[in-house]
Structure formats: structure tokens, C-alpha cells
Protein chains: 2
Amino acid sequence: MRYVMVQIPKSAPFPTPVPRSVPTSADVARLAGVSRATVSYVLNDSGAVRISDATRRRVHEAAEELGYVPHAAARSLRAGHSRIVLMPAPSFPAGPLYSRFIEELQEALGRLDYTVVQHATAGRHGDEAARAWAELRPVAVLVPGSGIGPEGVAVLRRAGARAVVTLGSGPVEGAHALLMDHESVGHCAGAHLHTRGRRRIGVVVPEDRDLDVFSRPRLAGVRRALRGTGATVTELALGYDEPSAARLAARWRDLGLDAVFAYNDEYAMLLMRALQDEGVRIPEETAVLGADDLLLGRLLRPRLSTVHLDLPSGRDLAHLVDRAVRDPGAPPQRHTVLGATVVPREST
Amino acid sequence: MRYVMVQIPKSAPFPTPVPRSVPTSADVARLAGVSRATVSYVLNDSGAVRISDATRRRVHEAAEELGYVPHAAARSLRAGHSRIVLMPAPSFPAGPLYSRFIEELQEALGRLDYTVVQHATAGRHGDEAARAWAELRPVAVLVPGSGIGPEGVAVLRRAGARAVVTLGSGPVEGAHALLMDHESVGHCAGAHLHTRGRRRIGVVVPEDRDLDVFSRPRLAGVRRALRGTGATVTELALGYDEPSAARLAARWRDLGLDAVFAYNDEYAMLLMRALQDEGVRIPEETAVLGADDLLLGRLLRPRLSTVHLDLPSGRDLAHLVDRAVRDPGAPPQRHTVLGATVVPREST
DNA sequence: TTGAAAGCGCTACCAT
DNA sequence: ATGGTAGCGCTTTCAA
């Protein structure tokens, strides 16, 4: 980290002197010459009570003058529930596709007036982490990957969470599940390569173990697609860097493969380039197939064939959460998402 | 969104019947046969008071049995302060570089025992948004881009925020600033292209106006680098899609440029491919320079030259925030980060 | 060593 | 139409 420090001129150490204490509704009441109850009624526009316009104005002015801002914690303590949706940080490095999905989801939840809290699950894991999450008394919890067990779900529900949704991992008792069907991605890929006449198929599995949640099911899916066809499936470890790709490419001819499903477009691009540098002709000698349908995949030559994933939109999931929150009695549901379709371009 | 619903068997609508109410410290006290005060002492391991081991054990057992989890809101209400670090969602589409930075930052803050709250700033903007943020009484606020003015900073400080840090935009009175010096990125790019003997230089400015915060300073930097050299600078609007790139490439020969700084690697890759499809030889006819030093830039042929950005690590910033929180009296500081260095490869 | 009680800021009853 | 007040769950004096 390189930086240059510049001292602010002494003349203005602070633009506004930091007030000793934060104004409360009592301060507003005092200034407006009314009771705290009245302040609350006015500021919350409570339909149940009628307040004269004169008083309303006085209260609003007082609030304005003091720069009053209600205290969310106090409010939700009193109310007995929060609008917090908790999302533990994913335990795997999020790709561009997943990042965008999360961003969309957050925005949509915000629009529904939820407060999204990203909780970094530093160190803790599993049901121990669930206890930390429960302290926030979230109204809903969205857990990516395999970050929670039945115990954890129970803890959260006991702490008042009206919906627990697991994202991507296998179903957990008591929780709603949004299953990402990565197995079918692999199946799709395997079937496509087989259709193209390929019989000796490599499958890239990232060395990053945190990606196992995705890569293992994809590999399994390829295996299933090819079972009984006489085609072979070879697992290929690959790190996300050029030397690793170069090493793999160097022994490519020995591997004798005629196709490879490269986990996703990024790994596919990396490997394809390494193979080309090694003189391997694509797709003639080896077909290369990615996944995620990134824009950049179209920029290589040959254009990268890919498996397009039909992720739910963030808005969809947000509404799903909202519905679950509104009807917490409903039995946990499992939604299997991820329509996978091959986008054949030039590399297969 | 395509999904298949599967009903959970009726026999187990819920693994554990949802208890009517969340256990409080009073429940624990009752079960352990002690007072609430004692429970608090035991569970917080308060050094100030000595509690007999027998009592300690009874309290712990009771807490365990009830599945007691303290209520964060109540605690921080009583304490008068929170450990919340608020981060409004960025108002611009975050690239891979920025996303990773944010993730790192969140993890580091979590490790320092802060709770990171991502607040989706749906609709609201500027000082109006600041009021919404202040409701959470965050101990620190990290605002990416130009999302806040002096008024907003004052509101947050009044609400008890001990540190307000702006990320990337110009300095705001009263707030610490982590200035991302995008102007120098442009300067660096301009200087490099000039050194390479280029004199008619195009600069890509993404059509996405949300990226103006970054793209405008970069453009200005190029202009500054080339001022007085007789070289020309041409602004080029470009959308992040292939048709847009193709349109720009189609009129390339008319533009008569011999170099282009393409905002970042992604736009550079997009444009470079379109130019090549148009028959423009790179770098002979036109040099192409990106920024961000993404791995994928190395996969094109020619390899993409780029401006490498020396971002601070998330850990660094987290510690900076922590220090500011611990010493809230200190005058706001401005840190200018982003060491920019050209990584010349084959495209320039 | 433990308990009683006050109070953080807010809202919703029940009076007036 | 407005005010008094109880109490959400927690910590922390002060007293015993």
C-alpha cells in the first residue's frame, strides 16, 4: 500500500464540532414542547392517531433542527423483530456470475426494505457460526454453499429467523433450499461433447479446494452423461495461473484426450491458450468447452463454446425470501434452479 | 427462473417445533436459579466480578440447554455503541478487481470483530441516503464513489460514527479519504503510448455513466500527459457488448488513430478483438492498452499491455478503519493510493 | 459472591 | 388530540 498523507489545515480540524450526544426522540419532544409519544406518532405517520397539523409541523421542525435520526436497534428491540437479512460471505471465491447475482439480490432486497447484512464468517464454521449470526436476530438468513447444518438451522429459527434459505448446497432439514444443479451442468457438457463425437474426455477440476462444491458435481455430471457409452473421463487438476496451464498443456499429447470440459470459461480460456501455444489445434485435435457464458469467451479464436447457466435473477430470489418471511409456517421448499444449455460456438 | 418444487414429506413439517419465544438472559437466570446480573457476568466473563465455579457451571449449562443467544441490538443499545461498519453498495458496476478488494476488506473487518453491513442504497442518494445509514448507528462508514457530501458526513458523525471514509471520490469535508488516483492511471497510460511514438491517441470512455467516476479522471490524465506534445486525444464512447465494439471498429480507419487506451482490460479485449476482425493490425497500425492487469488479458494474441494498479489490500484498509475508530479525535486524513505502472506486453 | 434496579431509545397501550 | 408509562433484552453500578 503506497500512499501520501496530507494533513488537513489546522484551521478546520472538524467542519462541525462533534456534538457530545446523539439527539433522541425525547430531545425532539422537548424542543417541540410535546411528549415523546406524540413525536413517535408524528414521525411514523401512525394512521391510528390524529395529530393536529400545527403540532405535526412543530415536531417536524424540531426533528429537522436537531438532525434527529431514529435509532434502528432501539426500534427493532421494541418491535420484537428486525428487517435484517443475513448473508454470510461465501466460503468460495465468487466468480463474476455469482457476484452479479449477489449484487442483484442485495439491491432487490433493499428495494423490499430489508437491510442486508454481510457477515464475514472469519474462522468460525458450521453451527458455531450460526450462533454468531443468531445474535443479530435476522428475519431471514441466506447461506451460500455448505455453510450450515440442521443444528444451525434450528438455532436460527429459535432466534426468530422466519426463513432460512441455503444456496447451492444439498438440502438441509428445516431450511428452504435453492439448489444449484451443477451436476446437470456437467451432464449437459458431457452429452454435448459426446454428440460431437468425442470419446476421450478430460474434465478440469480447479486446484482451489473451495471450488469443490461446484467442481465435484460438475465432474460427476460428465461421468453420468458418458456412463455406458465407452467414452473415458479423465480428471485434470488445474490452478488459475499460466504456469499451471502450461504444465498441463505440456503433457497434453501424452494424455491423448480429444475434448475437455474446463469447469468454467475462465479456466477454459486459460487452458485453451496454453494448448494453442503448445500447438494443439482446437477444435480439430481437442475440443474445449467452458461454462458461465462470459462475454470474454467470445473474444478468443476459436470462439469458446460454453454451457450457459440460467441463474434465477436476484429479484426472483428476493421475492422468494419475502414470501417465506410473510408465511413462516409454510413447509420448507426446495427449488432446483440452473437451467443448463450448451451454447456451441467454434471450440467444440 | 426455472425450478421444480418438491414438497417435504408431511411427516416432518418442521424438524423442531418452532418455540413460541426466544430465550432471554432472564430465562437462563431462572433455570440456573440466579439473577440476570449473574448470568451477564458469567457469560461475558467479566473480569471485574468473581463468580463461584459452581454458579458458573450452572449458568453455562442453563444457557446451553435453552440454546441461549444474546441479543445484539439490546446489547448495543445498552452499550451506547455498535461494532457495525456500514458499506453502501457501490453505485457503479464493480469489476473483478474492485470486487476482490471489497471481499478482502470485509473478511479483514470481520476478523477485527466488526459486523459489516451492506446497505443497498435503492433510490435514495446523497445526504438523504446518509440519514437512512445513520439509523443503524454504525461505528464507521465506508462510502465508495461519490455517494456523500459534507452534509451527509455531518449527519453520520452526529449519529455517532467515529469514522467516515470515502473511497475513490474526491475528498469530502470531515471525512477521511482513500483517494483512488485514476487521473494518474490515465497519465501513466498517455505517457507510455507517447513513449512508444504514438501521436493520435484514442481513449475509450464506457457508455455506462456510472463508470464516469473512474473514466473521466482517466481521460483527463491522458490529456495531461499529452499536453504540449502535439499529440491529439480523441474520446471514444463504447458499450460493453460486441455490436458496440464492432460499430466502433468499423469507423476506425476514418478516425485515423494510432493508439487507444481502452479504460480497462475488459473493454480493451473487447475492442482489440473487434479491431482485429476489421483487419486492423495490432500493434503495428494501432496500439491497444488496457488497465487492471487481469489474467485474461494475457491470453489474447498479441498479449494485452496494461496499466497495473497497486490497490491497497483489504487488510490495510481494515486496519486504517480500526485505527480511525480507536482515535476518533484525529483530524481526517487523505490517503492517495493506487500506484500505477505500465506492464508492457505485445499490444503496444 | 450475588441480587435489585436503573436505564439505553423506542412504540403502543390506556388515560385524559 | 395528546401525555403517561410500561417494557423490549441487556449491562452495570450500588447494596447486601
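Only a predicted model underlies this, so the values are computations on that prediction, with no experimental measurement involved. Order of the sequence lines sets the chain letters (A, B, ...), proteins ahead of strands, with each chain counted from 1.
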Practice problem: With sequence neighbours left out, write down each residue that passes side chain to side chain contact (heavy atoms under 4.5 Å, CB included) with B:Arg315, or none if nothing qualifies. | Solution: B:Ala108, B:Ser313, B:His319
Practice problem: Applying side chain to side chain donor-acceptor pair (under 3.5 Å), name anything that partners A:Glu151, two or more places apart in sequence or on another chain. | Solution: none
Protein-nucleotides 5-9 of chain C N/O pairs under 3.5 Å:
from	atom 1	to	atom 2	distance (Å)
C:dG7	N2	B:Arg78	NH1	3.3
C:dC8	O2	B:Arg78	N	3.4
C:dG9	N2	A:Ala74	O	3.3

Quiz item: Would one find a side-chain N or O of A:Thr38 under 4.0 angstrom from OP1 or OP2 of D:dT2?
Solution: no
Self-check item: A:Leu136 versus A:Ile84, closest heavy-atom pair with distance
Solution: O-CD1, 3.9 Å
Practice problem: With sequence neighbours excluded, tell me which residues meet side chain to side chain donor-acceptor pair (under 3.5 Å) with B:Asp327. | Solution: none
Self-check item: All side chain to side chain contact (heavy atoms under 4.5 Å, CB included) counterparts of A:Thr166, not counting sequence neighbours
Solution: A:Ile148, A:Ser169, A:Val172, A:Ala175, A:Ala177
Exercise. For A:Leu43 and C:dA12, give me the distance from atom CG to atom C1', rounded to whole Å.
Key: 15 Å
Quiz item: To the nearest Å, how far apart are B:Arg50 CZ and C:dG3 P?
Solution: 17 Å
Quiz item: Sequence neighbours excluded, which residues qualify as side chain to side chain contact (heavy atoms under 4.5 Å, CB included) partners of A:Arg100?
Solution: A:Glu104
Anything under 3.5 Å between a donor and an acceptor, one on a side chain of residues 137-145 of chain A, the other on a protein residue two or more places apart or in another chain? List them.
from	atom 1	to	atom 2	distance (Å)
A:Arg137	NH1	A:Ala134	O	3.0
A:Arg137	NH1	B:Val69	O	3.4
A:Arg137	NH1	B:Pro70	O	3.3
A:Arg137	NH2	B:Val69	O	2.7

Quiz item: For the pair made of CG in B:Asn44 and P in D:dT12, what is the distance, rounded to whole Å?
Solution: 7 Å
Quiz item: Where is the tightest heavy-atom contact between B:Val325 and B:Arg162, given as atom of each residue plus distance?
Solution: O-NE, 2.9 Å
Quiz item: For the pair made of CZ in B:Arg30 and C1' in C:dG3, what is the distance, rounded to whole Å?
Solution: 15 Å
Quiz prompt | Qualifying salt bridge (Lys or Arg N to Asp or Glu O under 4.0 Å) pairs with a residue from residues 21-32 of chain A, counting only residues at least two apart or across chains | solution = A:Asp27-A:Arg30
Quiz item: Looking across every strand, which nucleic acid part, if any, lies under 4.0 Å from A:Val34 by heavy atom: base, sugar-phosphate, or nothing?
Solution: sugar-phosphate
Quiz item: Under a 4.0 Å heavy-atom cut-off, which of residues 55-62 of chain A touch DNA chain C?
Solution: none
Self-check item: Bend angle of the helix from C:dT1-D:dA16 to C:dT16-D:dA1, from helix axes over five pairs at each end, nearest 10°
Solution: 50°
Self-check item: Summary of ring pair (Phe, Tyr, Trp, His ring centres under 6.0 Å) pairs that have at least one residue in residues 43-94 of chain A, sequence neighbours excluded
Solution: A:Phe92-A:Tyr98, A:Phe92-A:Phe214
Show which side-chain atoms of residues 36-43 of chain A pair as donor or acceptor with protein atoms under 3.5 Å away, not counting sequence neighbours.
from	atom 1	to	atom 2	distance (Å)
A:Thr38	OG1	A:Ser35	OG	3.1
A:Ser40	OG	A:Asn44	ND2	3.4

Practice problem: Return no unless some side-chain N or O of B:Ser52 is found under 4.0 Å from OP1 or OP2 of C:dT1. | Solution: no
Quiz item: Would you say the side chain of A:Tyr41 and the base of C:dC13 hold a donor-acceptor pair, judged only by whether the two atoms sit under 3.5 Å apart?
Solution: yes
